[in-house]
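Heavy-atom basis, side chains included; hydrogens, waters and symmetry copies ignored. Quick caveat: nothing in here was measured; it's all calculated off a predicted structure.
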Amino acid sequence: MPVNLSTRNDDVVEVNIQDSAVSRLAEANTGPKFSALVGEAQTATDAEHAMTIREALRLYPKAIAWSMLFSTAIAMEGFDIVLITSLFAFPPFTKKYGTVGKSGKYQIPAPWQAALSNGARIGEILGLLMNGILAEKFGFKKTMVGTLGLLTALIFIPFFAQNLQTLVAADILMGVPWGVFQTLTCQYAAEVCPVVLRPYLTTYVNAMWGVGQLIASGALRGLLQRTDQWAYRIPFALQWMWSVPLMVAISFAPESPWWLVRRGRVDEARTALKRLSLTSQVEQDNTISMMRHTDEVEKEISAGTSYWDCFKGVNLRRTEITSIVWIIQAASGASLMGNAAYFFQQAGLPTSISFDFSMSLYSVAIIGVVISWFAMNRLGRRTLYVGGLCAMVTTMLAVGFASLATTKGSSFAIGSMLLVFTLCYDITVGTVAYSIVTEMPSLRLRTKTIVIGRALYNVQGIINGVITPYMLNPDSWNWKGKAGFFWAGTGFCCLLWAYFRLPEPRGRTSAEMDVLFEQGISARKFRKAVVDPFLIREDGDVRVELQTVEKM
């Protein structure tokens with residue numbers, strides 16, 4: 001849609017949106033009930049903008065607790081993804097399932113490494129697509145409880161697996177519920193908390209990913225001295241410690257009020273909101289009105305809620321940003337972290353030290369998430385994301401150049417640089433992406449847009465799962481640390497896209513994001529834009545003003 005701009009002075013630009021969703025909604029609803037709805041919605045929006053972190057913590061402790069409980073499920077995916085790739089460097093596992101390689105040591109052949117790495121990705125894509133339908137039809141809580149029950153039953157397959165074929169099948173099947181967890185957890189966090197808490201609770205998902213990775217690596221490190229089948233069976237069994245307690249606890253959780261409003265169940269939305277917040281009845285009514293108003297605005301922009309609607313009109317740009325932000329996570333070198341123990345081993349470090357380094361790496365990842373929470377509040381999403389990519393590209397180049405030497409010191413240098421890379425990744429791209437992808441889509445298409453983005457992330461993950469084992473396996477390409485040059489190149493391409501296409505969503509309500517995207521505001525102007533998504537009437541015209549401190 002073309003934007004009609006008129007510059008009033010050097011600092012203010014007025015955007016005349018006569019045919020905007022806001023104006024069409026206002027023209028179609030002129031009664032006192034709608035005016036009251038708009039007034040309450042604007043009051044709730046102003047309250048969200050004025051809310052401090054301390055106030056939010058005081059008013060929404062129950063929402064925080066339920067969101068963190070949902071997000072804990074993602075630790076299971078982090079646990080198993082790292083468990084599988086770490087087993088490639090685990091002597092009892094390679095002796096059971098591998099063959100003697102050219103080096104005289106047991107190795108899982110690269111094709112089977114690729115199959116095991118990608119099996120979960122394939123299942124996750126199926127789970128993601130199912131989540132886009134199930135979560136929107138049955139709600140977040142029922143979908144979560146059902147998939148946790150399915151996962152509990154599927155854990156028996158890898159626990160009793162006797163060959164690589166069974167392990168690959170187990171990975172594919174278990175990937176289905178993991179695919180649901182990947183998106184449903186951060187969606188729930190985004191919908192039950194106020195704007196000021198949104199970056200913290202959505203990115204908490206990444207902290208849980210790191211926790212799962214750390215536990216998996218620590219479990220294997222603790223079992224290195226065992227040589228029997230329980231050395232790798234016990235880690236598989238540890239997955240039951242997550243699924244059963246979570247399934248029971250989440251069955252008591254409140255449903256997302258936003259989802260209930262989208263389904264027209266306003267009274268149930270009020271009840272759910274009461275269970276999530278300690279705000280007054282009036283404040284809760286205003287919040288419900290804000291949800292209803294935002295839903296009506298999005299209906300005017302695009303009434304559809306199908307996957308196809310994600311690629312139509314203004315939603316195409318929102319889908320592009322959501323998708324590529326997530327693809328970049330996998331396309332900028334993160335696969336070396338997922339294969340950390342094996343990577344360190346092939347880089348020349350002893351097995352025990354390789355697992356020590358990998359445990360340090362996943363500990364650093366959790367620290368990075370905490371640092372990111374403070375950085376996001378001061379710098380915003382775009383600055384962190386772009387700056388993080390710059391640091392990651394530089395670090396991958398350092399890994400590549402360090403690998404040109406063949407000394408023992410260079411192996412430790414590569415390990416140290418990968419720790420630096422992990423810290424940069426989890427302060428920026430790895431963590432911030434979870435916040436961005438929940439803020440870019442429209443509310444009516446949030447579930448399906450995030451599903452599409454995460455599915456494409458998994459496609460990139462499959463590509464990584466194919467090429468990374470070949471890069472590192474001594475019987476294949478044997479690149480070792482030189483893989484850093486490859487990921488530095490892909491990271492630079494990601495950096496170029498982020499600079500020109502990634503907008504700043506910090507502090508924006510969903511309605512404000514709707515207006516900014518509908519009017520085609522460029523990515524680099526989002527941060528300084530001031531937009532009012534509510535009705536302003538002047539001589540019969542409906543106007544929304546956009547102010548910026550620079551000329552457009």
Side-chain angles (χ1 to χ4, degrees), residues 199 202-203 206-207 209-210 320-338 340 343 361 364-404 413-437 439-440 453 456-457 460-461 463-464 468 471 481-506 522-528 550:
T202 53
T203 56
N206 196 43
W209 180 289
E320 173 214 334
I321 296 170
T322 302
S323 300
I324 299 183
V325 160
W326 238 334
I327 290 172
I328 286 174
Q329 273 195 327
S332 54
S335 66
L336 294 185
M337 296 188 299
F343 173 74
L361 185 146
V364 165
I366 298 171
I367 295 170
V369 174
V370 176
I371 295 173
S372 179
W373 290 341
F374 293 95
M376 274 192 292
N377 189 45
R378 294 181 62 86
L379 301 175
R381 304 350 168 223
R382 173 184 163 87
T383 301
L384 269 182
Y385 201 90
V386 173
L389 282 170
C390 290
M392 289 158 59
V393 169
T394 302
T395 307
M396 279 291 103
L397 284 173
V399 169
F401 283 116
S403 70
L404 297 179
I414 290 171
S416 300
M417 290 310 300
L418 195 57
L419 290 176
V420 173
F421 175 87
T422 301
L423 183 62
C424 295
Y425 174 86
D426 281 286
I427 291 176
T428 59
V429 172
T431 299
V432 176
Y434 285 94
S435 178
I436 293 174
V437 299
E439 295 169 311
M440 290 300 153
L456 291 175
Y457 163 90
Q460 179 63 47
I463 296 172
N464 292 354
T468 303
M471 288 179 181
K482 296 181 182 65
F485 290 125
F486 176 86
W487 294 117
T490 59
F492 182 73
C493 295
C494 296
L495 173 61
L496 290 178
W497 176 89
Y499 180 78
F500 290 104
R501 297 294 291 170
L502 180 63
E504 174 56 71
R506 179 173 59 167
S522 69
R524 283 174 288 171
K525 299 185 187 299
F526 257 65
R527 182 174 66 87
K528 297 177 182 179
E550 62 182 41

query = Tell me, do Ile324 and Leu502 make a side-chain contact under 4.5 Å, heavy atoms counted?
reply = no
inquiry  = side chain to side chain contact (heavy atoms under 4.5 Å, CB included), that's the test. Do Met417 and Phe401 meet it? Break it down for me.
reply    = CA-CA 11 Å; Met417 290 310 300; Phe401 283 116; over 6 Å; no
task = Any chance you could measure Leu384, atom CG, to Ile371, atom CD1, to the nearest 0.5 Å?
result = 11.0 Å
request  = Side-chain contact test, heavy atoms from C-beta onward, threshold under 4.5 Å: evaluate it for Val432 versus Thr203 and give yes or no.
outcome  = no
request  = State the CD1-CD distance between Ile327 and Glu320, to the nearest 0.5 angstrom.
outcome  = 10.0 Å
key: Which atom of Gly368 lies closest to which atom of Leu423, heavy atoms considered   = CA-CD1, 4.0 Å
query = After noting the C-alpha distance and the side-chain angles of Leu379 and Phe374, does the key distance pass the side chain to side chain contact (heavy atoms under 4.5 Å, CB included) rule?
reply = CA-CA 9 Å; Leu379 301 175; Phe374 293 95; over 6 Å; no
note = Correct closest heavy-atom pair for Leu389 and Ser332 would be CD2-CB, 4.3 Å
message = Would you compute the distance between atom CG of Leu495 and atom OH of Tyr385 and round it to the nearest 0.5 angstrom?
response = 10.5 Å
request  = May I ask you to check whether over 12 heavy atoms, not counting those of Phe485, lie within 6.0 Å of atom CZ?
outcome  = yes
query = Distance from Glu504 atom CD to Thr383 atom OG1, nearest 0.5 Å?
reply = 6.0 Å
query = With a 4.5 Å heavy-atom cut-off, do Val325 and Met440 have their side chains touching?
reply = no
ask   = Hey, what do you get for CZ (Arg506) to CE (Met376), rounding to the nearest 0.5 Å?
value = 10.5 Å
task = Grab the two heavy atoms, one from Lys482 and one from Leu404, that are nearest each other, plus how far apart they are.
result = CE-CD2, 4.1 Å
remark   = Nearest heavy-atom approach of Trp326 to Tyr457 is O-CD1, 3.0 Å
message = When you compare the side chain of Arg382 with that of Arg524, does any pair of heavy atoms fall below 4.5 Å?
response = yes
ask   = Considering all heavy atoms of both residues, which atom of Thr202 and which atom of Ser435 are nearest to each other, and what is their separation?
value = OG1-CA, 3.4 Å
ask   = Checking Thr431 side chain against Asp426 main chain: does a donor-acceptor pair fall under 3.5 Å?
value = yes
inquiry  = In the structure I gave you, are the side-chain heavy atoms of Met396 and Phe486 within less than 4.5 Å of one another anywhere?
reply    = no
task = Measure across Thr428 and Gly388 and return the closest heavy-atom pair with its distance rounded to 0.1 Å.
result = OG1-CA, 3.3 Å
query = Is the closest side-chain heavy-atom distance between Trp487 and Phe421 below 4.5 Å?
reply = no
Reported CD-to-OG1 distance for the pair Glu439 and Thr322, which is rounded to 0.5 angstrom = 10.0 Å
request  = Please check if the side chain of Asn206 supplies one atom and the backbone of Tyr434 the other of a donor-acceptor pair under 3.5 Å.
outcome  = no
